[in-house]
Novice: 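This is the structure I have questions about; it appears just below.
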There are 2 protein chains.
Amino acid sequence: MARAATTADAFNAVAEPRRRQILDALAEGERPVNELVGLLGLAQPQVSKHLRVLREVGAVDVRDEGRKRLYRLNGHALKPIHDWVKNYERSWSERFDELDVVLEDLKQKEQDDGDNDQ
Amino acid sequence: MARAATTADAFNAVAEPRRRQILDALAEGERPVNELVGLLGLAQPQVSKHLRVLREVGAVDVRDEGRKRLYRLNGHALKPIHDWVKNYERSWSERFDELDVVLEDLKQKEQDDGDNDQ
DNA sequence: TTGACGTATTCCCATATGGGTATACGATTG
DNA sequence: CAATCGTATACCCATATGGGAATACGTCAA
């Protein structure tokens with residue numbers, strides 16, 4: 001088997017930096033392809049291809065307006081990523097320090113109880 | 001150019017489901033390779049290869065103990081992912097609804113001021 | 001030392017990437 | 001209708017993936 005397709009899920013789609021750039025740009029509002037081409041400094045075909053990937057994982061929606069195609073962010077598709085990574089937040093966030101102390105105490109208490117059973 | 005290496009950054013490393021599984025397993029504590037092999041139901045060489053990728057992006061640390069190698073989670077490497085994705089949280093979290101209202105009001109107020117300048 | 005164990009590395013292969021370039025397609029304008 | 005604009009698609013290519021299988025390597029036991 002080869003690497004999973006970029007369109008397999010949001011994780012794979014967003015692994016490409018250009019696609020994150022596109023989402024960041026769309027966070028400020030709807031934009032036509034050419035505007036993204038200007039912002040990214042990438043050729044138009046590549047931008048269209050990246051947008052296709054983002055569409056396939058549901059991270060963007062499209063709307064036709066004359067000859068332009070307006071792309072819009074759909075952040076919902078990124079929730080699974082957030083849900084997964086937030087469980088690791090304790091690794092760097094000080095907000096969890098206090099909670100960790102409490103958990104350590106509980107652990108210690110449990111161990112003491114076990115010792116009493118012996 | 002081809003797709004970026006899986007070892008290019010945490011985003012790419014974590015795009016592979018097996019590697020997320022490994023990190024999830026290590027979240028509960030240090031583990032030797034064989035234990036991960038059992039948990040993932042994957043052949044040992046593939047697990048070692050996934051671990052190498054995770055090591056290269058700094059998501060895990062290793063420690064030798066006899067003939068075993070104990071792998072330990074280093075969630076710090078995942079912070080960039082969290083930092084990026086949390087900006088999209090408003091897309092699904094109700095917690096931001098109220099904030100959105102406030103921002104809308106501010107925007108409206110600014111616009112009114114602009115109108116007065118005319 | 002020899003053998004067994006735990007892990008890492010090497011080689012093979014089908015697969016699809018992302019950029020470059022050319023071109024096709026639909027909508028609008030003249 | 002013809003020309004042009006805005007986008008999408010089709011090709012070509014170098015690259016590296018992830019799994020399978022075989023094997024190399026370091027450590028411990030007998």
Side-chain angles (χ1 to χ4, degrees), chain A residues 1-23 25-26 29-73, chain B residues 1-23 25-26 29-73:
Chain A
M1 202 186 282
R3 210 202 292 206
T6 55
T7 53
D9 53 40
F11 283 95
N12 281 281
V14 154
E16 165 65 35
R18 306 295 204 167
R19 287 195 282 265
R20 289 200 298 278
Q21 276 190 301
I22 289 179
L23 293 181
L26 293 182
E30 236 177 13
R31 289 184 193 281
V33 178
N34 262 339
E35 212 168 307
L36 294 170
V37 169
L39 288 173
L40 298 199
L42 205 60
Q44 176 267 315
Q46 340 301 340
V47 174
S48 280
K49 284 187 233 172
H50 282 313
L51 285 168
R52 191 163 187 351
V53 173
L54 291 173
R55 236 190 319 148
E56 290 199 30
V57 300
V60 300
D61 292 324
V62 213
R63 179 169 72 87
D64 284 33
E65 191 175 272
R67 31 188 165 184
K68 300 195 176 184
R69 306 203 86 190
L70 300 182
Y71 282 85
R72 172 209 308 269
L73 173 70
Chain B
M1 203 188 283
R3 210 206 288 208
T6 55
T7 54
D9 54 39
F11 284 96
N12 281 281
V14 153
E16 166 64 34
R18 307 295 205 167
R19 287 195 282 266
R20 289 200 299 278
Q21 276 191 303
I22 290 179
L23 293 180
L26 294 181
E30 238 177 11
R31 288 183 193 281
V33 179
N34 262 340
E35 211 168 307
L36 294 170
V37 168
L39 288 173
L40 298 200
L42 205 59
Q44 176 267 313
Q46 340 301 340
V47 173
S48 282
K49 285 187 233 171
H50 283 312
L51 285 168
R52 190 162 187 356
V53 173
L54 291 173
R55 236 191 319 148
E56 290 199 31
V57 300
V60 299
D61 293 324
V62 213
R63 179 169 73 86
D64 283 34
E65 191 176 272
R67 29 186 166 184
K68 300 195 176 182
R69 306 203 87 190
L70 300 182
Y71 282 85
R72 171 210 308 271
L73 173 70

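Naming: A, B, ... by sequence-line order, numbering from 1 per chain. Only a predicted model underlies this, so the values are computations on that prediction, with no experimental measurement involved.
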Novice: From CZ of R19(B) over to C1' of dG18(D), roughly how many Å is that when rounded to an integer?
Specialist: 9 Å
Novice: A side-chain contact here means heavy atoms from C-beta on lying under 4.5 Å apart; do L39(B) and R31(B) qualify?
Specialist: yes
Novice: Over how many whole Å does the gap from N12(A) atom CG to dA16(D) atom C1' extend?
Specialist: 14 Å
Novice: For nucleotides 7-9 of chain D, list the nitrogen or oxygen atoms of the protein found under 3.5 Å from its nitrogen or oxygen atoms, one pair per line.
Specialist:
unit_1: dT7(D); atom_1: OP1; unit_2: V33(A); atom_2: N; d: 3.2
unit_1: dT7(D); atom_1: OP2; unit_2: N34(A); atom_2: N; d: 2.9
unit_1: dT7(D); atom_1: OP2; unit_2: N34(A); atom_2: ND2; d: 3.2
unit_1: dA8(D); atom_1: OP1; unit_2: R69(A); atom_2: NH1; d: 3.1
unit_1: dA8(D); atom_1: OP1; unit_2: Y71(A); atom_2: OH; d: 2.5
unit_1: dA8(D); atom_1: OP2; unit_2: S48(A); atom_2: OG; d: 2.5
unit_1: dA8(D); atom_1: N7; unit_2: Q44(A); atom_2: NE2; d: 2.7
unit_1: dA8(D); atom_1: N6; unit_2: Q44(A); atom_2: OE1; d: 3.2
unit_1: dT9(D); atom_1: OP2; unit_2: R52(A); atom_2: NE; d: 3.3

Novice: Within this structure, what is the CZ-to-P distance between R63(B) and dT7(C), rounded to whole angstrom?
Specialist: 13 Å
Novice: Working to the nearest 0.5 Å, report the span between CG of L51(A) and CZ of R69(A).
Specialist: 10.0 Å
Novice: Want to settle it: does L42(A) or E65(A) sit nearer the 5' end of DNA chain C, counting the closest nucleotide to each?
Specialist: L42(A)
Novice: How many angstroms lie between NE2 in H50(B) and OG1 in T6(B), if you round to the nearest 0.5 Å?
Specialist: 9.5 Å
Novice: With rounding to the nearest 0.5 angstrom, report the CD to CG distance, E16(B) to L54(B).
Specialist: 9.5 Å
Novice: Where the side chain of R3(B) is concerned, which of dG19(C), dT17(C), dT17(D) is the nearest nucleotide?
Specialist: dT17(C)
Novice: Can you give me the closest heavy-atom contact between V33(B) and Y71(B), atom names plus distance?
Specialist: CG2-CE1, 3.6 Å
Novice: Without decimals, in angstroms, what is the distance between L54(B) CG and dT7(C) P?
Specialist: 16 Å
Novice: I need the CD-P distance between Q21(A) and dG19(C), as an integer number of Å.
Specialist: 10 Å
Novice: Nearest heavy-atom pair of A5(A) and N12(A): which atoms, and what distance?
Specialist: O-CB, 3.5 Å
Novice: Whole Å only: how far is the NE2 atom of H50(B) from the P atom of dG18(D)?
Specialist: 6 Å
Novice: Rounded to whole Å, please give me the gap between CG in D9(B) and C1' in dA16(D).
Specialist: 15 Å
